[in-house]
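Okay, so here's the structure we're looking at.
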Number of protein chains: 4
Amino acid sequence: MPATVNVTVWNEFVHEREHEEVRRVYPEGIHKAIASSLEKEKGFKVRTATLDQAENGLTQAILDETDVLFWWGHMAHDKVLDEVVARVKKRVLEGMGLVVLHSGHYSKIFRALMGTTCSLKWRQTGEKERLWVINRSHPIVAGLGEYIELPREEMYGECFDIPSPDELVFVSWFQGGEVFRSGCCWNRGNGRVFYFRPGHESFPTYYDPQICSILANAARWAAATVRIADICPNSPPLEPLAVSEKVREPGAK
Amino acid sequence: MPATVNVTVWNEFVHEREHEEVRRVYPEGIHKAIASSLEKEKGFKVRTATLDQAENGLTQAILDETDVLFWWGHMAHDKVLDEVVARVKKRVLEGMGLVVLHSGHYSKIFRALMGTTCSLKWRQTGEKERLWVINRSHPIVAGLGEYIELPREEMYGECFDIPSPDELVFVSWFQGGEVFRSGCCWNRGNGRVFYFRPGHESFPTYYDPQICSILANAARWAAATVRIADICPNSPPLEPLAVSEKVREPGAK
Amino acid sequence: MPATVNVTVWNEFVHEREHEEVRRVYPEGIHKAIASSLEKEKGFKVRTATLDQAENGLTQAILDETDVLFWWGHMAHDKVLDEVVARVKKRVLEGMGLVVLHSGHYSKIFRALMGTTCSLKWRQTGEKERLWVINRSHPIVAGLGEYIELPREEMYGECFDIPSPDELVFVSWFQGGEVFRSGCCWNRGNGRVFYFRPGHESFPTYYDPQICSILANAARWAAATVRIADICPNSPPLEPLAVSEKVREPGAK
Amino acid sequence: MPATVNVTVWNEFVHEREHEEVRRVYPEGIHKAIASSLEKEKGFKVRTATLDQAENGLTQAILDETDVLFWWGHMAHDKVLDEVVARVKKRVLEGMGLVVLHSGHYSKIFRALMGTTCSLKWRQTGEKERLWVINRSHPIVAGLGEYIELPREEMYGECFDIPSPDELVFVSWFQGGEVFRSGCCWNRGNGRVFYFRPGHESFPTYYDPQICSILANAARWAAATVRIADICPNSPPLEPLAVSEKVREPGAK
């Protein structure tokens, strides 16, 4: 893990401008709330980026300086530029961490990395959610008890159409009767991806101290990768090959 | 598993037309060789499709009648229509099996389902490959011994940039000094995906009885899924919710 | 999968003899209820075995004729003979399927195959359980809807101390606020193991048609393995080794 | 990860006393060679323990002070006391890391944690081994290239009878024609287990700088767990249960 983890918190930043009741909860935007909570922890250098900026705020230069990218989006998934999605995906596969939040499950970047529809059940009532820790020794749950509780959240329910997670960290219980794999880890290329369910824009979830602690843990986990240098893929043999005739290469790869 | 498994073998069918030494090995195309070997087994109904056909031979009607799709491509990955790739992907996520062969690792459809670059090392010399069985009880290895040997094949080497397979079935040893995860299973949506490494166009790999047996096993395995009906994702609560005020839905999902 | 699947349903058969309210639910024992439900399906040949029989009812001859063993135990885990546990474990690793039910999570055989404590939270009140399907294309959920509901069951809660399942099939929601990985698959050696949570002795769970359907599916799934012949482990080289001096074997393996 | 990682290197220490050619390679024992290499790295406090000591050198007090235990054994697996094995297993499940080396695959402790036979193929000739990195971003491969090469080692071949690893880090190529999953990670309870293949007693493998680097990385990885406090397993409901009659508890769990 780098001594300082460079975090970029990306938010589409539309709800907060268009909906008064969301602005009341996050007057400066969800990205600013998350950035503030991370800045209180040691070892992070945090910036934010939003959809309305040039290149959606995610230029190559900014991505090159980012160890971990947080992603919150919902209404405007389709407005994210395809070339920006390709750029972010390339950086994840090179080793950048990605933490996808809540409705980001339907973002272009998450679906491109998963290869599935990422669909789920949902109910926007505002009910109790209890996130149970499934993997008690995982770095992302450091400092927690056996569960955390959120008094009011949107419901997401199974079946969540994702590849089987490499590590399952949280499963949620909902008051209305559903369950959900709420904290899931995947390796993709040299990068690590964490999906974390809570965070509907109408509720003050990102001010919850336990949620903040999980986001900080997730950033540290997602940054803790190494990277081995790439090698020329067309490789001479390492062992002697006694082959009488070399086969002609019929087509280039 | 359906009583009869409807298989479609897709091939770009370019090498066999452009390169004399490939035509010598597969005069009617790789797809015909694979189709012939499957037709000798009970329980398959086989058709073929190629790149040069209308809609690349993969119309919605044909896909709807396909339980398992085999995919061989190499030189012409970029010529496959994006809308055909999207159609195939949708069918896989709905439950169609997909068996990706050899250089198909770089096909649009495989990369879209994996979310990674799917890059690897390679050497086109023609050397011995030995595929070791890693999972001895897997249906795909039924009837085999502890390894199979191919006297001359192209080399593919690690690191293969794929998501960790849900099941690892074969690992190859190459004479020139490399190893490779040659048989890998994934679940994607309701569908099953099997990647199988051997099958360079210059070598008679698809006439090898053990390779034919593995392809038939793979088709049966990929067809053996069930499918639960979809449900309206916006779900009313199953349990009573005593919530005083309903939250307004700020944006449509 | 064999044409006929030979199933042995093992039950410690103690609650039903000692507790009147359990006997009322399962007058002939849980094993007889499960056996009856399986016998109504095609393709099974079913017998039962109980703790009080010679060698706990699981002689080598009976195990040799068993494709899939069901296991229900609770009060008398410690009374199962260690040599019987070793015999069952050996058969699982050779390829016999094992379906462990409910309080069988603490059986000697399950813990020996898992390597962990298999501990969990529990509450014996009798409350609603809803089992959500997590893997919609898995053979074990064939014929189900997106969840099944049991009006009264014992609660089991996370964190369930098991190795990460090779496939997660069900997650339960409990009325009292907990979640649980209720249907889990593992490969162990050549054998398949399925743990299925429901089935407290006080409730008529094993008469529920959907539970019966899952048990039959699980038996078919657990029987669907192949087995490759064993090879002498001390292996001569397959490739020529030009090694000047043979190293003396300092100790026997 | 603790600021200082307390490592205990355990060795049966028999070959080095009984076989002159092993003593020539490891005059003070394999454990001392490994301990020396770890002591050169920052952040480790290292001690050793051997079979011939009281309680096999692994008293409760020593284990309580151990964050990561290395294990090398071969000739004398059966001489390790069963109560010591149980004690080590308990500590692993509580959160201690365990790094199992080479012929330790057949140790009581490894087999107890895996639940399988842990059998494999082998050949004691002394041939070239090349360990390919399969997971390029894993902390255990930090600082390596795409493979490491050992000029002479014992061969271990598939099929290695282990549960599917949670993470596969290395696969070996052997000169004589076999492959092997040489670096495998598992979570067991709160602990992490790493199996690392190389290290036959006749070869100077544990002096190789790249092997030493891997062992240090493995120790850091195995120590990097967290631990959530245990909770009383018999749990009162978190949500109100309107159940008319409490069910009598027929038997104690």
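Note on naming: letters A, B, ... go to the chains in the order of the sequence lines (proteins, then strands), and numbering restarts at 1 for each one. Just so it is clear, the structure is predicted and the values come from calculations on it, not from any experiment.
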- Task: Might you point out which heavy atoms bring Ala224(B) and Pro139(C) nearest each other, and give the distance in Å?
- Result: O-CG, 4.1 Å
- Query: Can you name the nearest heavy-atom pair linking Ser137(B) to Asn190(C), along with the distance?
  - Reply: CB-O, 3.3 Å
- Query: Any idea which heavy atoms bring His138(C) and Val226(B) closest together, and the distance?
  - Reply: O-CG2, 3.2 Å
- Query: How many angstroms lie between atom CZ of Arg136(B) and atom OG1 of Thr225(C), to the nearest 0.5 angstrom?
  - Reply: 13.0 Å
- Note: vs chain B, highest number of non-hydrogen pairs under 4.5 angstrom among Leu238(C), Val141(C), Asn135(C) is Leu238(C)
- Item | Option in Gly145(B), Gly189(B), Gly191(B), Gly143(B) with maximal non-hydrogen atom pairs under 4.5 Å from chain C | Gly145(B)
- Query: Which atoms of Ala142(C) come close to chain B, meaning under 4.5 Å heavy atom to heavy atom: side chain ones, backbone ones, both, or neither?
  - Reply: both
- Task: To the nearest 0.5 Å, tell me how far Glu239(C) CD sits from Arg130(B) CZ.
- Result: 4.5 Å
